[in-house]
Amino acid sequence: MSTVAIITLAGDLHARVIRRQLQEVHGVEVAVVASDTLSAAGGLTWSNVAGPAPTLPTEDGGVLDVADLDLVWWRRCHGRPTVPDAVTDPQMRKLVVKDNRAGLRGLLLAGFTGTWISDPYATERAQNKILQLSVARRLGLTVPRTLVSTDPAAVRDFARAHGGTVIAKTMTGLLGTSLEAGRVTLESLRDDDEITVSATVYQEEVPGTDHLRVMVFGDAVHAARIRSGELDWRLAGDMEVEPVAIDERLADRLRRVTVRLGLRMGVFDVKLRPDGEPVFLEVNPQGQFLFVEGMSDMPLGEAFAQFVVDELARVHRRVPA
Amino acid sequence: MKHLAPMAARFTRSHQGYQHPAKLDAWEKAVMGPEAEAMRWPGGSISGSDDGWDDCDE
């Protein structure tokens, strides 16, 4: 019997749904490891002398033997880890978090020989928006004209060249805080300090109301159209979501971006211009997809479970990616 | 002292800002049962936010 581990944050809906689907429909054993509650959980062990096998604690209080694993879904490994209140020194609290994180990662990197969805280092690397935009463009996708800068003159010139209004968004994100994309005007770009304080993504605005959320699971591509008048559909009260078939050329390019970034899966945000041209905005290496099922009834939980089963078959056949 | 924030702070909201359509709310409750509320970000969806998953701070 195959064994799968989902590394994620405690109480993750995606992990619960996929575990249930894999266990009940496909007969695959699944353990969930909560990467943010490792402190005081016990059960994390690795040794290079005879004796204890490498193990990790599971979210439900059990212990997982890493040698039994065929597949790891590396879903969420950061978050806001819990640390016992008794650790009062802020520096020591940081150390607790860092050491547990290093223990989890090292134990899997050293002792796990199956397949990753996706490799931890590829996942981190692929998160970078500059890299994403560069790879997507190189592989033939249309991308917005973009400036990432802390140079006030360059930012103002860019805004001027795009009619005086551009989109500004962050390079990364913050847990628990919505950092939406927003419009900035040339007139509002007066404060040099606001521009120089941190690298920001400035982009031409892609017109239109139709967005695509495209889930690339291995070779399978599932697309939903999200229709909203809002610039950032996450904040849209008028959001309509429905499954759509996308052009095979677009699907193939998104698959190639996923592969080029070293990923086994990717969740893409694409915007459709009024002339129908799809414009790549970003790829989330471990993006959320079950809200699309909730909004559209697309069976994405089963699609992902089938993807895992296919990856397991590949592991057992030892077929390289 | 002057208070500075990144450009994107102009557009910052808590997860209270996220819309949580009734259809999604019903689906999450059907899938997760009573656990759904405990898993939810304040005011937001539990199946839809990609924000900050790489956030490294305690």
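Computation of the quantities below employed the complete heavy-atom set of this structure, encompassing side-chain atoms and omitting hydrogens, waters and symmetry-equivalent molecules. Here is the naming used below: chain letters follow the sequence lines, and residue numbers restart at 1 for every chain.
- For Thr200(A), the part lying near chain B is the side chain, with the backbone staying farther off; criterion is any non-hydrogen pair under 4.5 Å.
- Expressed to the nearest 0.5 Å, how far CG of Leu4(B) lies from CD1 of Ile195(A) amounts to 11.5 Å.
- Between chain B and the options Ala199(A), Gly294(A), Ala10(A), Gly301(A), heavy-atom pairs under 4.5 Å are most frequent for Gly294(A).
- The number of heavy atoms from other shown groups lying within 6.0 Å of CZ (Arg125(A)) does not exceed 12.
- How far CE of Met7(B) is from OG of Ser188(A): 6.5 Å, rounded to the nearest 0.5 Å.
- Interface remark: Arg20(A) contributes side-chain atoms only to the contact with chain B (heavy atom separation under 4.5 Å).
- Chosen from Val17(A), Thr196(A), Val184(A), the residue pairing most often with chain B at heavy-atom distances under 4.5 Å is Val184(A).
- The contact between Ser296(A) and chain B is made entirely by backbone atoms, counting heavy-atom distances below 4.5 Å.
- Counting heavy-atom pairs closer than 4.5 Å to chain B, the top residue among Val241(A), Asp36(A), Val197(A) is Val197(A).
- For Asp191(A), the part lying under 4.5 angstrom from a heavy atom of chain B is the side chain only.
- Note: Lys2(B) NZ to Asp193(A) CG = 3.5 Å, rounded to the nearest 0.5 Å.
- When heavy atoms are compared at a cutoff of 4.5 Å, Ala30(B) does not approach chain A at all.
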